[in-house]
Amino acid sequence: MRRGFNPSLLPPHPSQGNPMSIEIKNINKRFGDFTALDNLNLDIASGELLALLGPSGCGKTTLLRIIAGLETPDQGQILFHGEDATDTHVRERQVGFVFQHYALFRHMTVFENVAFGLRVRPKKTRPTEAVIKKKVHDLLGLVQLDWLADRYPAQLSGGQRQRIALARALAVEPRVLLLDEPFGALDTKVRKELRRWLRRLHDEMHITSVFVTHDQEEALEVADRVVVMNKGKIEQIGTPEQVYDTPETPFVYQFLGDVNLFHSRVHEGWAEIGGARIEAPNSPNETTATVYVRPHEIDLSRDASDSAIAGVITHIRLLGATVRLEVEVAGHEAVEVELTRERYQDGAWRVGDPVWLNPREARVYTAG
Amino acid sequence: MAFKQHSVLPGFNLALGYTLLYLSIIVLLPLSALVFKSSHLDLAGFWHAVAEPRVVASYKLTFVASALAASINLVAGLLIAWVLVRYPFPGKRFIDALVDLPFALPTAVAGIALATIYAPNGWIGQYFEPFGIKIAFTPIGVVIALTFITLPFVVRTVQPVLQELEKELEEAAASLGATRLQVFQRVILPTLLPALLTGFALAFARAIGEYGSVIFIAGNMPYVSEITPLMIISKLEQYDYLGATAIAVVMLGVSFLLLFVINGLQWWSAKRLGRRR
């Protein structure tokens, strides 16, 4: 894939200087007995790139489809730039929608796929053939696939198809761009390239965009703000740094990365796990608590210590730049520790070595 | 063999050999016997047999009525398949089973039933009689019988394709501003085209060869409502075997040509959908 991004290829886009905010108010949606969205409120700022992140079944795709008008909410309102769009048909909503499995029209060439949205316009507003041709080629240039104009979708790779799908969505000059797991069907390498490319594209076009993903890495890398969802509700909204560094709920903490769980009790502002004491200043005294520690935020030591967790290394797995160790701790399930390759080599760790674990960072969540 | 490609599936030679043998015995041998038999006629005799005005009238009826019946079922079959796939309704399975009935029924039974219903004093025929419209014992009756007999083809070829059709294609088209009609014309119909053509070809081929259900409702009036298969039978009854085979060869040739063209169209449209063979 050619990665050079040339802003001069961009067609003038009406959304530039035409801000488009979205307000979602008290949205409820049920499918039979299943509550997909539970009284959900969300404001999307004009021109931002927002990620809806959550496990499958959390309602993120349903929310995206409601914004698009492909699904109707049972209750609640959607406002597009202050105007009620709840009952506006998807046809008139002027949203660009990109599907996980591309949904390209197989019987049309790449050119015709991109031109589709222009050709189906009513006669009065339909551009002339010359204008369509120029516009389609501009867009194909934008997604760097102009040379594929005469091919059929079946002849393209997954990454190429998704870029064509994006060009097709942009052709109708949408006010909002909605992407449903856009990179979900692609292999890891292409996925990484495409999401960087999407970020750059957004930086140039500033079109209000919402994308759905279950991949935290993708959300953290690409989005301006991340909305973490679980069971039809929003757990936390914030910048990637905010949701990663200060997760508000155990769910967010667990969902945004690997985690070790320790069960403990809070005693006078401290939670103790196998000797190590973790500060828990705001927790009520004598309550059960769960302590969360990320695998890469644990220090290993050979020196016995009363204020560390004693254990024995049982497994060592080399994962490229990092090394993951499994440490058996008495009265506890195995603890995962992640080290950089360097620190692993400095420590010369072996399976069977006794170690003492020192959590550098930890979070205490008390029950209830 | 130069075109043999290496494959993990064993038995290419065996499978191909068996296919060719099977097709030869079941299809090619009887057909070539037909052509061979007709070659006993000299050219003038052949021409005399196949270009007789009464026979020519029967060609017209057979091919036009068959094309009409297949066309009617192209539309009706698509509609039935659409309803069966897209809408949930009580009795859906029953209707679904009903579609295959014309296959199961002995054709003569179908013919007699249709003739009874569409006769001037029949259940349906009586309402057309006052307007001077006769259905049974006219070419209209032939078309109706052929429509009945070829109903399942388009339904059964289109149904699975429609079932597989991604909902997202329609949603994508709608989000791009297409109306329902535009979605149908530009997205759904082109995707269904190969299946529709296959259904049409099968229905058409079946209609051309149909005999049992037609002769009861057709009335079999010379120059008006005689179908070609009937001409062949009547030649046989007069011990004019050569004449019968000559007509059969003409039918064979025309049918093959038409099916060849339809298959070509189908291959072309399937290729455009990226299902290369």
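It should be emphasised that the depicted structure is a prediction, and the values quoted were computed from it without experimental measurement. In what follows, chains are A, B, ... by sequence order, proteins preceding strands, each numbered from 1. Worth knowing before you read on, the calculation uses all heavy atoms, side chains too, and leaves out hydrogens, waters and symmetry mates.
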Notebook entry, point to check: Taking all non-hydrogen atoms of both residues, which atom of A/L186 and which atom of A/G159 are closest, and how far apart?
Noted result: CD2-N, 3.5 Å
Checklist line | For the student: nearest non-hydrogen atoms of B/Q159 and B/D96, plus distance | finding: NE2-OD1, 3.2 Å
Margin query: Let's go through B/R186 and A/E112 carefully: what are the C-alpha distance in whole Å and the side-chain angles of both, what is the deciding distance for salt bridge (charged side-chain N to carboxylate O under 4.0 Å, His left out) to 0.1 Å, and is it a yes or a no?
Written below: CA-CA 11 Å; B/R186 288 169 179 259; A/E112 287 303 321; over 6 Å; no
Note to self: Is A/L104 in contact with chain B via its backbone, its side chain, both, or neither, using a 4.5 Å heavy-atom distance?
What the structure shows: backbone
Margin query: Heavy-atom pairs under 4.5 Å with chain B - which of A/V98, A/V90, A/V120 has more of them than the others?
Written below: A/V120
Notebook entry, point to check: Heavy-atom distance under 4.5 Å to chain B: side chain of A/A169, backbone, both or neither?
Noted result: backbone
Next item on the list: Assess the pair A/F116 and A/F111: is the distance between their ring centroids shorter than 6.0 Å?
Entry: no
Check: By a 4.5 Å heavy-atom criterion (distance strictly below it), what part of A/R168 contacts chain B: side chain, backbone, both, or neither?
Finding: both
Notebook entry, point to check: If you tally heavy-atom pairs under 4.5 Å against chain B, which of A/R91, A/E92, A/Q100 wins?
Noted result: A/R91
Notebook entry, point to check: Minimum heavy-atom separation for B/Y87 to B/K92, with atom names?
Noted result: O-NZ, 3.1 Å
